[in-house]
Enquirer: 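The following block contains the structure, expressed as structure tokens.
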Amino acid sequence: MKTAKISFKESIAYSEDFGDIYFNSDDPAGESRYVFASAIDEIWDSKQKFIIAEAGFGAGLNFLTTLDKFKNSSKFLHYVSIEANPISKEDLAKIYENLGVFNELSSELISNYPPLIRGFHRLNFANSRITLDLCFGKIDQILPELDFKADIWFMDGFAPSKNSDMWSDEVFKEVANLSKSGAILRTYSSAKAVQNALAKNGFKVNLQKGFGKKREMISATLETASHDVKNPWFSRFDIQSSDKTPKSALIIGGGVAGCVSAYKLAELGVKVTIAEKCEDIATNGSGNHCGILMPLITKPEVELGRMHMNAFLQAVRFYKKTMRKEECEFKGCIDYAHDEKLLVRLEEWLKFDDKNGVFDINLNSAPYPSAFIKEGAKARPRKMCKAASKCADILLGYEFESYEVLPDGKISAKFKNGKTIISDMLILALGSDSMEFFSNFDMQLSSVRGQITHIKESIKTNLAFSTKGYVCPEVDGVQVVGATYDRNLKLDEPRSSDDEKNLADIGEFLEGKKPQILGSKVGYRSYSGDRFPIIGRLYDEEFYKDSYKALLWTKNKSENLSAKYIPNVYINTAHGSRGLCTAVLGAELICDLVFDRPLCVEKSLFDALHPARFLIRKLKKGIK
């Protein structure tokens, strides 16, 4: 995406795009504390958790000023910031070298700084109570994709005379819609147009003394919060939801989705139990000897591709933090465009954003054009599940049968061995069993049989790669190639014909060799009809069918109540062949819902992942 053009005037960063400096030249950190961070003091004693949103991340000085205030406290900070022209990591380092402030904190920010690609980037800091969501894109495109109620807003774009897009009525309308009643808004600006736009959108405006030589600045308070809900059927909130924080969680399924969900919840202080029907975890599709961590590359801005890019970048950050080299080795990997459709995708990316920071494209590589994915990894799925699940109590031989919501909101889960477990919340990470369990829901689920082939090393490669099939570097004397794809086929025994197909799919790389086959493994994966995972609260099917039955006639609008969900029951499934990526997104998103945090993905992607999406599509077409 377009990055900021930076020059330096007497060591102060100057924007060539907007013709303005980033900071007050006398005391940038002092200005940040005075104009913005001082708003936190007004509500500090009354809150334990803060959501602070910002328009204009710039070099992140306001974030670091805020981080400095929170770093030694027990309070939680979720900071969401929008930036249309992000600064490169190299320029960021130079800015803080010149400023000479927040040396340790700026180093942590720079080391966590994401690739400059459009979309949401969630960054978790060493202090686990502090989260930064960096949203790269134009403000009018980002604001409708956010979903939270902020305590404080920092409006820190370039001056209205130089950056009018950030100070429009429509922007302040969206800001108001994303704010709690009584939310504080701060900006260095005192422009009359800004005052009028704030007042028009429900803010009470006060002028205060500005910093340094600046005469005045605005401090505003939202008088009444908006209760407008777009697409109520996809609302994250429940008409019967409670604010009770869960202390215990039961996860059904010991694959990657269940194990990563366990880790994320345990990190937030929840006592987690994993119930797995087999005699060990990670025995199905998540139990492969070796696999690849890589995103699905689609044409730019295709919704499925945007979701996969978000998932991949979240997964990279998570696994780098939690896994050893023996479990996930980040050397990069290669995605070969072996047909015309894939080649067109790479060509489109070259036109759209050839310096996206995630992958480098080479149209002249052999035997096909390719994308080198810089943070791709050779993954050991079973080892990764074992590592992630150490935080949980694991019950083996527990085949899930049914659940019941108790009067107090707790969940009672029944198993085929006659056992019952009661917990505060339930996550159904059922993988390929999802199709049977959710047969009464409109979810368009299918199970796909995949067979991988273990061979004696026949392709010398340090990097995992994907072509018609995929190939992993040799590990412990075994090279993994695969995989077949057979929808709704149930056959546990390996087939020699599948091994032959796997080898044929990588024939160009074998150079005439006939590999020695050491064995095969069959696994089953869950897919949805639109290839998106299914992640979120489990919805009340009968309520949806009754409340939204007239969507065909009401032009997709409904005056009915917002969504109704099964209390404290969540679903994290249909991850297909890239579950190592999307399972991390699923776990993080469920935590967002459980703990009422800003979403880690755009709202449009949240809707695209919503368990009720297939039913809503049918209702909009008048199909009941």
Side-chain angles (χ1 to χ4, degrees), residues 1 36 39 50-58 62-63 78-86 118-122 132-160 162-189 191-205 218-237 301 303 306 556-557 562 592 596-608:
M1 65 180 299
F36 298 108
F50 293 75
I51 296 176
I52 298 176
E54 177 182 48
F57 183 76
N62 294 332
F63 170 67
H78 204 118
Y79 195 102
V80 183
S81 190
I82 304 166
E83 180 54 60
N85 301 289
R118 283 186 180 91
F120 286 19
H121 302 271
R122 172 154 294 178
L132 169 63
D133 287 343
L134 260 180
C135 308
F136 290 156
K138 294 181 179 179
I139 191 165
D140 61 333
Q141 296 171 349
I142 295 293
L143 284 172
E145 295 281 16
L146 299 172
D147 189 24
F148 55 78
K149 295 293 183 182
D151 299 293
I152 298 171
W153 271 92
F154 298 159
M155 301 298 291
D156 194 24
F158 290 103
K162 298 177 182 291
N163 185 20
S164 58
D165 289 350
M166 208 199 83
W167 307 92
S168 68
D169 279 356
E170 191 58 36
V171 164
F172 285 113
K173 180 181 178 182
E174 292 285 357
V175 166
N177 196 45
L178 291 164
S179 301
K180 296 176 182 175
S181 181
I184 300 167
L185 182 145
R186 286 285 185 87
T187 175
Y188 61 85
S189 176
K192 191 65 176 177
V194 175
Q195 295 181 49
N196 292 340
L198 284 166
K200 181 179 177 180
N201 288 286
F203 285 89
K204 182 180 179 182
V205 179
I218 292 172
S219 180
T221 305
L222 184 66
E223 297 191 286
T224 304
S226 167
H227 296 291
D228 290 343
V229 178
K230 300 172 186 175
N231 299 333
W233 40 89
F234 292 144
S235 169
R236 64 186 292 180
F237 298 108
E301 303 201 304
E303 202 167 60
R306 291 194 299 114
N556 297 339
K557 295 181 180 179
S562 190
D592 291 343
D596 192 19
R597 307 186 306 198
L599 299 176
C600 62
V601 295
E602 293 93 323
K603 184 60 169 63
S604 59
L605 295 181
F606 174 83
D607 296 352

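These numbers come from a predicted model, not from an experiment.
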Enquirer: Going by heavy atoms in the side chains, are S189 and M155 under 4.5 Å from each other?
Expert: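 Side-chain contact under 4.5 Å: no.
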Enquirer: Please examine the side chains of D151 and K180, heavy atoms only from C-beta on, and report whether any two atoms are closer than 4.5 Å.
Expert: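 Yes, at least one pair of side-chain atoms sits under 4.5 Å.
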Enquirer: Has the side chain of R236 got a donor or acceptor atom that lies under 3.5 Å from a matching backbone atom of F606?
Expert: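 No: the side chain of R236 does not pair with the backbone of F606.
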Enquirer: Check V194 against P160 and note the closest heavy-atom contact, atom names and distance.
Expert: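 So the two residues come closest at CG2-CG, 3.8 Å.
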Enquirer: Could you give the distance from CD1 (I184) to CG (L222), rounded to the nearest 0.5 Å?
Expert: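 If I round to the nearest 0.5 Å, the distance is 11.0 Å.
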Enquirer: Hey, what do you get for OG1 (T187) to CD (E54), rounding to the nearest 0.5 Å?
Expert: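 Spacing of OG1 (T187) from CD (E54) equals 10.5 Å.
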Enquirer: Does F136 offer a backbone N or O that forms a donor-acceptor pair with the side chain of E83 under 3.5 Å?
Expert: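 No, because the side chain of E83 does not come within donor-acceptor range (under 3.5 Å) of the backbone of F136.
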Enquirer: Between the main-chain N or O of N177 and the side-chain N or O of K149, is there a donor-acceptor pair closer than 3.5 Å?
Expert: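 It does hold such a pair.
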Enquirer: Can you name the nearest heavy-atom pair linking A183 to A150, along with the distance?
Expert: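 Shortest heavy-atom contact: CB-O, 3.5 Å.
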Enquirer: Quick one: OG on S168 to CG on D140, what's the gap to the nearest 0.5 Å?
Expert: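 One gets 7.5 Å once the value is rounded to the nearest 0.5 Å.
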Enquirer: Nearest 0.5 angstrom please: H78 NE2 to L132 CG, how far?
Expert: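 Result: 8.0 Å between the selected atoms.
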Enquirer: Which heavy-atom pair separates S562 from P232 by the least distance, and what is that distance?
Expert: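 Minimum heavy-atom contact is OG-O, 3.5 Å.
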Enquirer: For F63 and Y79, take the angle between the two ring planes, folded into 0 to 90°, and tell me which bin it lands in: parallel under 30, tilted 30 to 60, perpendicular over 60.
Expert: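 It falls in the perpendicular class, over 60°.
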Enquirer: So do the side chains of F172 and L143 get within less than 4.5 Å of each other, counting heavy atoms only?
Expert: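 With C-beta onward as the side chain, the pair stays apart.
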Enquirer: Near K173 NZ, under 6.0 Å, is it more than 12 heavy atoms from other residues, nucleotides or ligands?
Expert: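 Count not over threshold, so no.
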Enquirer: Please name the pair of heavy atoms, one in I51 and one in P598, separated by the smallest distance, quoted to 0.1 Å.
Expert: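 Looking at all heavy atoms of both residues, the closest pair is CD1-CD, 3.9 Å.
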Enquirer: To the nearest 0.5 Å, what is the distance between OG on S81 and CD1 on I52?
Expert: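 If I round to the nearest 0.5 Å, the distance is 11.0 Å.
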Enquirer: Can you name the nearest heavy-atom pair linking A176 to N201, along with the distance?
Expert: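 That would be CB-O, 3.5 Å.
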Enquirer: Given side chains that start at C-beta, do those of L599 and F148 come closer than 4.5 Å, heavy atoms only?
Expert: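 No, too far: nothing below the 4.5 Å cut-off.
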Enquirer: Got a salt bridge between K138 and D165, using NZ or NE/NH1/NH2 to carboxylate O under 4.0 Å?
Expert: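 Judged by the 4.0 Å cut-off on N to carboxylate O distance, K138 and D165 do not form a salt bridge.
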Enquirer: About how many Å separate CG of L198 and OG of S219, when rounded to the nearest 0.5 Å?
Expert: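 Result: 10.0 Å between the selected atoms.
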Enquirer: Taking only residues two or more places apart in sequence or in another chain, which ones pass side chain to side chain donor-acceptor pair (under 3.5 Å) with W153?
Expert: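 Once residues adjacent in sequence are excluded, the partners of W153 under the side chain to side chain donor-acceptor pair (under 3.5 Å) criterion are S179.
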Enquirer: Does NZ in K200 sit with more than 12 non-hydrogen atoms of other residues, nucleotides or ligands closer than 6.0 Å?
Expert: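 Result for NZ/K200: open.
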Enquirer: Treating D592 as the side-chain partner and C600 as the backbone partner, does any N or O pair qualify as donor plus acceptor under 3.5 Å?
Expert: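 Judged by distance alone, yes, a pair lies under 3.5 Å.
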Enquirer: Using a 4.5 Å cut-off on heavy atoms from C-beta on, say whether the side chain of I82 contacts that of L146.
Expert: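 The answer is yes, as the side chains (C-beta and beyond) meet within the 4.5 Å cut-off.
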Enquirer: Are the side chains of S604 and E145 in touch, meaning some heavy atoms are under 4.5 Å apart?
Expert: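 Heavy-atom side-chain distance check passes, below 4.5 Å.
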Enquirer: Considering only heavy atoms from C-beta outward, does the side chain of L605 approach that of R306 to under 4.5 Å?
Expert: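 L605 vs R306: side chains touch.
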Enquirer: Would you call the rings of F36 and Y188 parallel, tilted or perpendicular, taking 30° and 60° as the class edges?
Expert: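 If you compare the ring of F36 with that of Y188, the planes turn out perpendicular.
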Enquirer: Flag the pair V229 / F237 as yes when at least one side-chain heavy-atom distance between them is below 4.5 Å, and no otherwise.
Expert: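 Contact flag for V229/F237 side chains = no.
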Enquirer: Quick one: does any side-chain atom of W167 pair with a main-chain N or O of F158 as donor and acceptor, under 3.5 Å?
Expert: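 Checking the backbone N and O of F158 against the side chain of W167, a donor-acceptor pair under 3.5 Å is found.
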Enquirer: For K230, is there an ion pair with D607 - N to carboxylate O distance below 4.0 angstrom?
Expert: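 The answer is no: the pair does not qualify as a salt bridge.
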Enquirer: What closest approach, in Å, do G137 and M1 show between heavy atoms, and which atom pair accounts for it?
Expert: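 Result for this residue pair: N-CE, 4.0 Å.
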